[in-house]
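These notes concern the structure reproduced below.
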Amino acid sequence: MEGVDHLAHERNKSEFDVDAMKIVWAGSPHAFDVSDRISKLVASDPGFRKDNRSTLSRKELFKNTLRKAAYAWKTIVDLRLSEEEAAKLRFYVDEPAFTDLHWGMFIPAIKGQGTEEQQQKWLPLAYKMQIIGCYAQTELGHGSNVQGLETTATFDPQTDEFIIHSPTLTSSKWWPGGLGKVATHAIAYARLIVGGREHGVNGFIVQLRSLEDHSPLLGITVGDIGMKFGNGAYNTMDNGVLRFDHVRIPRNQMLMRVSQVTCEGKYKQSDVPRQLVYGTMVYVRQTIVADASCALSRAVCIATRYSAVRRQFGSQNGGPETQVIDYKTQQSRLFPLLASAYAFRFIGEWLKWLYADVTQRLQANDFSTLPEAHACTAGLKSLTTTATADGIEECRKLCGGHGYLCSSGLPELFAVYVPACTYEGDNTVLLLQVARFLMKTVSQLGSSKKPVGTIAYMTRVEHLMQCRCGVQRGFAELSVDLVEAAVAHCQLIVVSKFIEKLQQEIPGKGVKQQLEVLCNIYALFLLHKHQGDFLSTGCITPKHAALANDELRSLYSQVRPNAIALVDAFNYTDHYLGSILGCYDGNVYPKLYEAAWKDPLNESVVPDGYHQYIRPLLKQEIRTARL
Ligand SMILES: CC/C=C\C/C=C\C/C=C\C/C=C\C=C\C(=O)SCCNC(=O)CCNC(=O)[C@H](O)C(C)(C)COP(=O)(O)OP(=O)(O)OC[C@H]1O[C@@H](n2cnc3c(N)ncnc32)[C@H](O)[C@@H]1OP(=O)(O)O
Ligand SMILES: Cc1cc2nc3c(=O)[nH]c(=O)nc-3n(C[C@H](O)[C@H](O)[C@H](O)COP(=O)(O)OP(=O)(O)OC[C@H]3O[C@@H](n4cnc5c(N)ncnc54)[C@H](O)[C@@H]3O)c2cc1C
C-alpha cells in the first residue's frame, strides 16, 4: 500500500545514527544542506521529469534535453543559486548535456591555460552563457595519443592570426560533447606551427557558430556523430564531428599560459612544464573519481533495497520466504560494492585536496608534486571507473530479471556510465602512465636502497629491464604486469586513505564503527580476490588467507543489519534514483505492475501489425514453397 514503509523493519535494525552518516557522506553539514535542498527542489519540479526518456526518439530526446537545460538555467537565474547550488542542480537533473562540457571542461580550460587577460575576456561571457563552449581535442584518428593530433594552427605574421585547418579526414575533431548541435565556441587542440617549425599541441579558442542565427561560420563543417550505446542514455548529448577549412582566428585566441607566440612570430615556452596543456584533463579526472562514488552508490542503493524486498525460496511451514539479502552469496557480491561506494567517496575527497594542493603550488611555480598528481588522477580515475562500471552491471544481476527492466533504473545508469572507462583517457592508457611513474620512482631510489614491501617485485623488474635491450623494450614487454602493478599501487592508496579517514574525528553514534567495518570489507575483499599474488610473493601465508576469508564472512554478518541504513545515508530521492526496485518505501510490486501498463505498447490491446502480419499467419493464409 502507498504510504507504508515496507522497509521499516530493516531501518529499525540500524545500529548507527543515519543522519550523522548522511553528513559524512555529503562531506559536511553545509554540503548536506545544499544537496538535500537542491535534490528535493529538482524532484518536486515536473519540468525535470525523466521517467519518459526511453520512449522518446533521438530528436525528441535531444529537444527535451535542450528544454531541460534552458529550464535549469532559468531556475538557477530566477532563484539566484550559487555556483555550488547550480552545480548540484545540474547533477540532480541527471541528464548528460552540453552544459557538462561548458561548465566541466570549456571554462576550466580557460581558467587553467588562459592568461589573466584571456580569462578576463572569455570567462564573463561563458559564466553568463552568452557563449556555449566545448572541449575539442579528440580526432577521428587520434584520442589517446594527444601528440598525434593532426589539426594544425599555423601563425600568419602578416595578419597576426592563426589559420586552423583539418588537413586529413582523420584530423576531423570527433567525439567532443556539446559540439554536434549546440556549442558556439570550442577550445580546439592543434599542432602549433610558427615560421615553418612545429611546437607541439596547444589549445585555441575558435568560434564555430554565429551568435545571431547559430549557423556554422565560414570554413566550419560541424554535426553530430550519431547514435551511441543504449536507448536514451548518452544520446541526450550531441557528441560532434568538426572540420576546419583554413579558419582564421586572432593570435590572442591561442591559450597562452603555457606557451606564447608574439606578434613578431616568436615562439616562447614559459618556464612551466608543457604538460600543463593537459591540465583540464587532470582536473576532470579527479572529478570523475567523485562521480564514480555517486554512480556506484546509486546502483548499490537500488540493489540493496531490492535485495531486502525480494524473497525467494526458504519458506518454513508456510511462513515467508527468505529475503535474498540474507543469502551469503548475495552478501558476498553486494557488500563489497557497498564498501567500494564509501571507499571511492573518501578517495574522491582526498584527490580533490591533492588537486587543490598541486594547483596552489603551480601558482607559485612549484611543480614538485605534478608527477604525483598526474599519476594519482590517472590511476584512480581508471581504477574507480572500471570498478564502478563492473559494479553497476553486478547490481543489475543482483536484482534478477527485474534488474533488466528500464524501470529498475539500472540499464540506463549502466549505459550512461560505462563510457567513463574511456573518456578523459582510456583506462589502460592511464594505468600505463602510472606504471611509467612507478618505474621512474623505483629507478630513482638509487642503487644502494632496494625497494621493499609491495614494490619489492619492482627491483626484479628494474633489473630485467636494465639487462634487457633498453628500458623502453622492457617496459613494453612487461606492460601487462606493470598495469597490474599500477592497479595495486592505486588500491594501496584507496585503502590507505580510507584508513586515514577513520583516524579523523567522526561524530554520530556507531558511525565510525560502521565505516571501520566497510573499510575492512574493502581491504579483505581485495586480499581475497588477489590472494594468489599475495601468497606467491610471500606477503601472506595460506593461514592468513583462511583467516581473512573467515573475517570477511563475519564482517558481512556485521554489516547486514545496517545495510538499508547505510544506503539511506546517500540521501537519494526516488526521483534521482529513477528506480522502482530502489524506491524508498520498498513498495516494489504494485509499482512495477502499474508501470508496465504505461508502456506505449499497451496503448492498444491488439498491437499495430496484427492484422497485417499475425492474423494471416494464424489463419494459414501465408503459403510457402515448402508446404
Ligand atoms: C565538475 C565537472 C563536471 C563534469 C565534468 C565534465 C565532463 C566529464 C564528464 C564526462 C566526460 C565528457 C567528456 C570527455 C572529455 C574527454 O574525453 S577530453 C579528451 C580526453 N583525452 C585524453 O585523456 C587523452 C589521453 N592521453 C593523454 O593524456 C596523453 O596523450 C598521455 C597518454 C599522457 C601521453 O602524453 P604525452 O605523449 O605527451 O606524454 P608522455 O610522453 O607519455 O609523457 C611525457 C611526460 O609527461 C608526463 N605527463 C603526461 N601527462 C601529464 C599530465 N596530464 N600532467 C602532468 N604530467 C604529465 C608523463 O608522466 C611523462 O613524465 P616523465 O616520465 O617524467 O617524462
Ligand atoms: C561518451 C564520450 C564522450 C567524449 N567526450 C569527449 C570530449 O568532450 N572531448 C574530447 O576531446 N574527447 C571526448 N571523447 C573522446 C575520448 O577522450 C577518447 O575516446 C579517449 O581518450 C580514448 O581515446 P581513443 O578513442 O583514441 O582510444 P584508443 O587509444 O584508440 O583505444 C583503443 C584501444 O587501444 C589501446 N591502446 C591505445 N594506446 C595504447 C598504448 N600505448 N599501449 C597499450 N594499449 C593502447 C587502448 O587501451 C584501447 O584498448 C569522448 C569519448 C566518449 C566515449
Side-chain angles (χ1 to χ4, degrees), residues 83-84 86-88 90-91 96-109 112 133-149 170 173-180 183 186-189 200-201 203 225 228-230 233-235 237-240 242 272-288 290-291 294 352 358 362 367 369-378 381-382 385 415-441 443-444 475-476 479-480 482-483:
E83 205 173 313
E84 178 189 14
K88 273 297 172 194
R90 284 190 288 271
F91 172 81
F98 63 91
T99 41
D100 293 344
L101 285 304
H102 176 76
W103 296 99
M105 296 201 78
F106 180 75
I107 288 175
C134 67
Y135 184 89
Q137 176 178 295
T138 303
E139 296 173 355
L140 191 56
H142 293 89
S144 291
N145 180 10
V146 177
Q147 289 311 312
L149 295 177
T170 48
K173 291 300 179 185
W174 190 276
W175 274 113
L179 169 66
I187 307 280
Y189 284 80
V201 170
I225 61 172
K228 297 169 287 275
F229 184 98
Y234 216 90
N235 290 300
M237 176 75 78
D238 52 326
N239 297 90
L242 166 64
V272 298
R274 76 168 175 81
Q275 281 77 19
L276 282 187
V277 167
Y278 296 164
T280 308
M281 293 186 280
V282 175
Y283 161 73
V284 177
R285 287 169 191 156
Q286 64 92 19
T287 68
I288 287 175
D291 291 348
C294 296
K352 188 176 176 184
V358 75
L362 292 180
F367 312 116
T369 60
L370 189 58
E372 169 80 6
H374 168 49
C376 286
T377 48
K381 180 270 181 188
S382 178
T385 54
V416 167
Y417 189 79
V418 289
C421 299
T422 306
Y423 60 56
E424 285 318 329
D426 165 84
N427 280 355
T428 300
V429 168
L430 294 181
L431 287 173
L432 288 166
Q433 284 291 305
V434 179
R436 174 173 175 152
F437 169 72
L438 291 176
M439 289 319 296
K440 185 166 185 178
T441 303
S443 65
Q444 290 169 343
F475 189 95
S479 55
V480 175
L482 289 171
V483 158

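Numbering of ligands and ligand atoms starts at 1, following listing order.
Near Leu101, meaning under 4.0 Å from any of its heavy atoms, are these atoms of ligand 1: 12 (C), 13 (C). Numbered from 1 in the order shown, with element, the atoms of ligand 1 that lie under 4.0 Å from a heavy atom of Val146 read 24 (C), 26 (N), 27 (C), 29 (C), 30 (O). Atoms of ligand 1 lying under 4.0 Å from at least one heavy atom of Arg285, given by number and element, are 22 (C), 23 (O), 25 (C), 28 (O). For ligand 1, the atoms closer than 4.0 angstrom to any heavy atom of Arg274 are 38 (O). Each of the following atoms of ligand 1 lies closer than 4.0 Å to a heavy atom of Asp100: 6 (C). Interface of Met105 with ligand 1, defined as ligand atoms under 4.0 Å from a residue heavy atom, comprises 15 (C), 18 (S). Near Val429, the atoms of ligand 1 lying under 4.0 angstrom from a non-hydrogen atom of the residue are 32 (C). Close approach of ligand 1 to Gly143 (heavy-atom distance below 4.0 Å) involves ligand atoms 24 (C).
Around CD of Gln147, the count of heavy atoms belonging to other residues, nucleotides or ligands within 6.0 Å exceeds 12.
Taking distance alone, with nitrogen or oxygen atoms compared against 3.5 Å, Arg436 approaches ligand 1 more closely than that limit. Ligand 1 has an N or O atom lying under 3.5 Å from an N or O atom of Glu424, backbone or side chain. An N or O contact shorter than 3.5 Å is missing between Met281 and ligand 1 by distance. Below 3.5 Å of separation, one finds an N or O of Ser144 facing an N or O of ligand 1. Between Tyr135 and ligand 1, not a single N/O pair is under 3.5 Å apart. Residue Tyr423 has no nitrogen or oxygen atom sitting less than 3.5 Å from a nitrogen or oxygen atom of ligand 1, judged on distance alone.
Taking 4.5 Å as the limit, some side-chain heavy atom of Glu424 sits within range of a side-chain heavy atom of Lys381. Side chains of Val480 and Val483 form no contact here, defined as non-hydrogen atoms less than 4.5 Å apart. Looking at heavy atoms from C-beta onward, Val284 lies in side-chain contact with Ile288 at the 4.5 angstrom threshold. Counting heavy atoms from C-beta on, the side chains of Arg285 and Leu430 come closer than 4.5 Å.
Under the ring-ring contact (aromatic ring centres under 6.0 Å, His included) rule, Tyr135 has a single partner from Tyr189, Phe98, Trp103, which is Tyr189.
The shortest contact between atom 3 (C) of ligand 1 and any protein heavy atom is with Gly104 CA, 4.1 Å. Closest protein heavy atom to atom 64 (O) of ligand 1: Lys440 NZ, 2.6 Å. Looking only at protein heavy atoms, the nearest one to atom 19 (C) of ligand 1 is Gln137 NE2, 3.7 Å. Taking atom 45 (C) of ligand 1 as the reference point, the nearest protein heavy-atom neighbour is Gln275 NE2, 3.5 Å. Protein heavy atom nearest atom 37 (O) of ligand 1, with residue, atom name and distance: Gln147 CG, 3.9 Å. The shortest contact between atom 34 (C) of ligand 1 and any protein heavy atom is with Gln433 NE2, 3.9 Å. Among all protein heavy atoms, the one lying closest to atom 36 (P) of ligand 1 is Tyr278 OH, 3.5 Å. Nearest protein heavy-atom contact of atom 8 (C) of ligand 1 is Val284 CG1, 3.5 Å.
Atoms OG1 and OH, on Thr138 and Tyr423 in that order, are 13.0 Å from each other to the nearest 0.5 Å. Expressed to the nearest 0.5 Å, how far OG1 of Thr369 lies from CG of Leu362 amounts to 7.0 Å. Atoms CD1 and CG, from Ile225 and Leu179 in turn, are 9.0 Å apart once rounded to the nearest 0.5 Å. Note: Lys173 NZ to Gln137 CD = 7.0 Å, rounded to the nearest 0.5 Å. Atom CG of Asp100 sits about 4.5 Å away from atom CE of Met237, to the nearest 0.5 Å. Note that CG of Asp426 and CG of Asn145 are 12.5 Å apart. Values are rounded to the nearest 0.5 Å.
Lys88 forms a cation-pi arrangement with Phe91, by the criterion of a distance under 6.0 Å to the ring centre and an angle within 45° of the ring axis.
Without hydrogens or angle criteria, Thr441 side chain to Phe437 main chain gives a donor-acceptor distance under 3.5 Å.
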- [ ] Check step by step if side chain to side chain contact (heavy atoms under 4.5 Å, CB included) holds for Phe106 and Thr280.
- [x] CA-CA 9 Å; Phe106 180 75; Thr280 308; over 6 Å; no
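Contacts of Lys228 classified as side-chain contact (heavy atoms from CB on, under 4.5 Å), with partners at least two apart in sequence or in another chain: Arg58, Trp175, Tyr234, Asn235, Asn239.
In this structure, Ile187 and Ala109 approach most closely via the heavy-atom pair CG1-CB, 4.1 Å. The nearest pair of heavy atoms linking Ala415 to Ala233 is CB-CB, 3.6 Å.
Proximity of Tyr283 to ligand 1 is established by a heavy-atom distance of less than 4.0 Å.
Near ligand 2, residues Leu101, Tyr135, Gln137, Thr138, Gly143, Ser144, Trp175, Pro176, Gly177, Tyr234, Asn239, Pro419, Thr422, Tyr423, Glu424, Gly425, Asp426, Thr428, Val429, Leu432 each place a heavy atom inside the 4.0 Å sphere around the ligand atoms.
Residue contacts with ligand 1, taken as heavy atom pairs separated by less than 4.0 Å, involve His374 solely via side-chain atoms from C-beta onward.
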